[in-house]
Amino acid sequence: MIVDIRQWKHVFKLDPDKELADEALERLCLSGTDAMMVGGTSGVTFDNTVDLLARIRRYEVPCVLEISSREAIVPGFDLFLIPVVLNAGDPQWIVGHHHTALKEYGALLNWDEILTEGYVVMNGEATAAKLTAANTALDARDVAAYARMADKLFRMPIVYVEYSGRFGDLELVKKAGAVLEQARLFYGGGIDSVDKARAAAAVADTIVVGNIIYSDLEQALRTVRLDG
Ligand SMILES: CC(C)=CCC/C(C)=C/CC/C(C)=C/CC/C(C)=C/CC/C(C)=C/CC/C(C)=C/CC/C(C)=C/COP(=O)(O)OP(=O)(O)O
Ligand SMILES: O=P(O)(O)OC[C@@H](O)CO
Ligand SMILES: [Mg+2]
């Protein structure tokens, strides 16, 4: 399946470390979302990732893997997204794990199905911020500089402003988006209502909805179709 991220307006992010009933998964897959992204910061294993892939594969929706650990690199997804945490304090999460993975798989990869995401991790309380020792004391100009770095210096196809677990500063997100020329702007964090989904969708190309899936499925489903 050819997946065009430039068409994505809405994505659900499923965490392999969390339980989801078959009926809930079916409703998410049939919701009209543009893709199901599989990923999480902790407790993601080869087995729970394979399991989720097999369950999503019953539906036609594109299924993409956001790789967050080398142990959970599972072939068979439609697309692989590789996070690079631009504001990480620990370089393992900028190039370290990537170097190790490429030493192992580099010669085998189909680069047409691999995209990098230039992450800016903004919520210091989030697991991803702690794991990567991210410097989250950033103002709008700092974030715009990272956005330009991803877009122009490294030619990354995605800039991902990540507030995971908390709704972010959308003025700052908008300013980051304003400097982008070729990259798509992904926004994720704290979208738990239609209003927040609409507000985030107004400043980002693609919104990512995660945690609310597990605490209020109905609200999560409402974030998909915002035009009506
Ligand atoms: C086998 C085969 C041939 C298949 C192809 C595989 C392939 C494409 C290999 C590519 C090689 C490569 C370069 C791999 C990268 C390896 C790697 C581990 C890179 C590090 C990625 C990284 C920087 C992770 C840091 C954490 C992070 C930013 C995760 C992103 C997801 C995220 C923030 C989720 C939110 O987490 P959540 O659990 O919701 O958090 P809360 O607890 O706060 O809610
Ligand atoms: O879980 P939430 O807060 O919705 O964030 C979505 C996504 O950006 C997490 O990586
Ligand atoms: Mg989460």
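Predicted model only: the values in this text are computed from it and were never measured. Whatever order the structure lists them in is the order used to number ligands and atoms, beginning at 1.
At least one heavy atom of S69 sits under 4.0 Å from some atom of ligand 1. Not a single heavy atom of I212 lies less than 4.0 angstrom from ligand 2. A heavy-atom separation below 4.0 Å is not found between L108 and ligand 1.
Residue T127 touches ligand 1 through backbone and side chain together, judged by heavy-atom distances below 4.0 Å. Neither the backbone nor the side chain of E113 comes within contact range of ligand 1; no heavy atom lies under 4.0 Å. Contacts between Y163 and ligand 2 below 4.0 angstrom, taking non-hydrogen atoms only, are absent altogether. Contacts of T41 with ligand 1, taken as heavy-atom pairs under 4.0 Å, involve both backbone and side chain. Residue-level proximity to ligand 1 for D15 is carried by the side chain, the only part with a heavy atom below 4.0 angstrom. Contacts of N211 with ligand 1, taken as heavy-atom pairs under 4.0 Å, involve the side chain alone. Here N123 has no heavy atoms under 4.0 Å from ligand 1, in either its backbone or its side chain. By the criterion of a heavy-atom distance under 4.0 Å, both the backbone and the side chain of I67 are placed next to ligand 1. At a heavy-atom cutoff of 4.0 Å, ligand 1 is contacted by the side chain of F80 but not by its backbone.
Minimum heavy-atom separation, M156 to Q182: O-NE2, 2.9 Å.
Exactly one residue among V159, L115, I5 makes a side chain to side chain contact (heavy atoms under 4.5 Å, CB included) with R184. That residue is I5.
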Check the pair L30, Y59 against side-chain contact (heavy atoms from CB on, under 4.5 Å), reporting the backbone distance first and the verdict last.
CA-CA 8 Å; L30 299 178; Y59 307 94; 4.0 Å; yes
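Remark: ligand 2 atoms within the under-4.0 Å shell around heavy atoms of E162 are 7 (C), 8 (O), 9 (C), 10 (O). Taking every heavy atom of G165 and a limit of under 4.0 angstrom, the matching atoms of ligand 2 come to 2 (P), 3 (O).
Taking only nitrogen or oxygen atoms, main chain and side chain alike, Y160 reaches within less than 3.5 Å of ligand 2. Distances between N or O atoms of K13 and those of ligand 1 include no value under 3.5 Å. Checking only distances, S164 never comes within under 3.5 Å of ligand 2, N or O to N or O. By the 3.5 Å distance cut-off applied to N or O atoms, S164 is counted among the residues near ligand 1. Residue G210 has at least one N or O atom closer than 3.5 Å to an N or O atom of ligand 2.
A donor-acceptor pair under 3.5 Å is formed between the side chain of T33 and the backbone N or O of H10.
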